[in-house]
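These notes are about the structure you will find just below.
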Amino acid sequence: MRQDARVTASWIRRPYAGPLPPAGLRMGGEHFQDDEAFVATAARDVARLEARAGLSAESSLLDWGCGAGRLAVGVKARLGAVREYHGVDVQPALIEWDRAHLADPATHFTLVDVANARYNPGGERAAVIPATDRSVDVFYAYSVWSHLDAADAAAYLRELARVLAPSGAAMLTCFVEDDVPAWQENPAGYGPLAWEGALHCARFERRFFESLIAAAGLAVVRFEYGGETDGQSLYVVRRSAGAAASAAATR
Ligand SMILES: C[S@@+](CC[C@H](N)C(=O)[O-])C[C@H]1O[C@@H](n2cnc3c(N)ncnc32)[C@H](O)[C@@H]1O
């Protein structure tokens, strides 16, 4: 995992000396415990968003399931700032830390009290992304669909389609495989970890997940198999041609 940091350190353009979250608040994998990897993987993802989703300093960027602000650190370490960075999460301790240490006029965080069996079991039974229709140029969700049940996965893809700007793009990661059940929780013998507790690993059958993407009015423009944390795959999606046309017509 140290290799991750070495390989990606070149993505950092503005050496980052700002605050980093304490170990106990870092979500999403052992390798993020390493400070260098935490910053470098974030700067790498900002670079990937630039190359694959058109992120620029002028963009509005929604970091859904932002955790302890890893991508916000990456923005500061690579671009300095974007027009608007908006981090959203369901865990109060994380959003409190983010607000106290990373917020600035272009960087803000929202706590949403929606249910997730792993991260916020007592939350409201609703699937809401707090952003207005077609307002998001670039949407990022690293290791969030990897912790959703099938109903929420579909509902949040519809939410993504709602908030994405007509020319916007989203990059997300999740566990997908061919020839497995449509959705499974904590599949035994799968991946590098012994999955424990609700929604530690939510795995989708690839065609099923892509059918949810299509049903939401989105289209896959890029798929990279298995290269992300714990073997997750990466998708870049945009509005499908029909959905983009109807969004344009209603502007
Ligand atoms: C594995 S962590 C990834 C954190 C971050 N994306 C990163 O890469 O460092 C998943 C995050 O998604 C958040 N999350 C889960 N369900 C959510 C929901 N419905 N709305 C917003 N955030 C959610 C969790 O609280 C957690 O912080």
Side-chain angles (χ1 to χ4, degrees), residues 1 4 8 20-35 37-46 48-49 61-75 77 85-99 102 109-131 136 138-160 162-163 170-175 185-186 191-193 195-203 227-232 234-235:
M1 290 303 179
D4 223 2
T8 60
L20 290 173
L25 293 186
R26 295 188 194 186
M27 299 283 109
E30 275 300 304
H31 54 301
F32 295 144
Q33 295 297 329
D34 178 282
D35 286 353
F38 188 89
V39 180
T41 58
R44 173 205 62 188
D45 283 359
V46 171
R48 295 198 293 183
L49 290 170
L61 168 61
L62 179 56
D63 180 9
W64 186 60
C66 63
R70 193 173 58 83
L71 190 74
V73 168
V75 168
Y85 165 95
H86 182 191
V88 173
D89 209 284
V90 295
Q91 296 190 63
L94 302 185
I95 292 296
E96 276 166 30
W97 189 90
D98 294 335
R99 284 178 175 155
L102 299 175
F109 296 89
T110 299
L111 177 67
V112 275
D113 186 22
V114 293
N116 177 282
R118 182 170 189 78
Y119 295 108
N120 191 33
E124 286 179 34
R125 301 271 147 208
V128 177
I129 295 177
V136 175
V138 177
F139 181 100
Y140 172 84
Y142 199 95
S143 198
V144 186
W145 264 275
S146 46
H147 304 288
L148 297 183
D149 63 34
D152 271 355
Y156 280 114
L157 284 166
R158 291 193 294 272
E159 273 293 90
L160 163 55
R162 178 184 67 77
V163 303
M171 190 168 97
L172 64 93
T173 67
C174 59
F175 293 104
E185 183 178 32
N186 300 342
L193 301 179
W195 310 117
E196 283 176 3
L199 296 178
H200 193 185
C201 169
R203 184 182 70 185
E228 307 304 318
T229 296
D230 297 333
Q232 292 179 58
L234 181 145
Y235 281 98

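As the structure lists them, so they are numbered: ligands from 1, and atoms in each ligand from 1. FYI, the numbering just counts along the sequence from 1.
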Legend entry - Element-labelled atoms of ligand 1 that are located less than 4.0 Å from some non-hydrogen atom of L94: 27 (O)
Inset, instruction - For N116, counting its heavy atoms only, list the atoms of ligand 1 lying under 4.0 Å from any of them. - result: 15 (C), 16 (N)
Inset, instruction - Would you mind listing which atoms of ligand 1 come within a distance below 4.0 Å of any non-hydrogen atom of Q91? - result: 24 (C), 25 (O), 26 (C), 27 (O)
Legend entry - L160 and L172, any side-chain heavy atoms less than 4.5 Å apart: yes
Legend entry - N or O contact, L148 vs ligand 1, cut-off under 3.5 Å: no
Inset, instruction - Begin with the C-alpha distance, continue with both residues' side-chain angles, and end with the deciding distance and a verdict on side-chain hydrogen bond (donor to acceptor under 3.5 Å, both in side chains) for D113 and N120. - result: CA-CA 8 Å; D113 186 22; N120 191 33; 3.0 Å; yes
Legend entry - E124, CD: over 12 other non-hydrogen atoms inside 6.0 angstrom: no
Legend entry - Nitrogen or oxygen of Y119 less than 3.5 angstrom from that of ligand 1: no
Legend entry - H147 neighbourhood, listing ligand 1 atoms whose heavy-atom distance to it stays under 4.0 Å: 1 (C)
Inset, instruction - Would you check whether Y156 reaches within less than 4.0 Å of ligand 1, judged by its heavy atoms? - result: yes
Legend entry - Set of residues satisfying salt bridge (charged side-chain N to carboxylate O under 4.0 Å, His left out) with respect to E185, sequence neighbours excluded: none
Legend entry - Short N or O distance, Y142 and ligand 1, threshold 3.5 Å exclusive: yes
Legend entry - Contacting atoms of ligand 1, where contact means under 4.0 angstrom from a heavy atom of G67: 27 (O)
Legend entry - Note: R70-D45 ion pair, threshold 4.0 Å (strictly below): yes
Legend entry - N/O separation below 3.5 Å, Y140 to ligand 1: no
Legend entry - Atoms in ligand 1 flagged as close to V114, the criterion being non-hydrogen separation under 4.0 Å: 19 (N)
Legend entry - T41-H31 side chain donor-acceptor pair, cut-off 3.5 Å: no
Inset, instruction - Kindly state whether the ring of H86 and the ring of F109 have centres lying under 6.0 angstrom apart. - result: no
Legend entry - Between Q232 and T173, a side-chain donor and acceptor under 3.5 Å: yes
Legend entry - Where ligand 1 meets S143 - atom numbers and elements under 4.0 angstrom, heavy-atom basis: 1 (C), 2 (S), 3 (C), 10 (C)
Inset, instruction - Pick, from N120, T229, T41, V90, the option with the minimum heavy-atom distance to atom 23 (C) of ligand 1. - result: V90
Inset, instruction - Could you label the plane-to-plane angle of the W64 and Y156 rings as parallel, tilted or perpendicular, counting under 30° as parallel and over 60° as perpendicular? - result: tilted
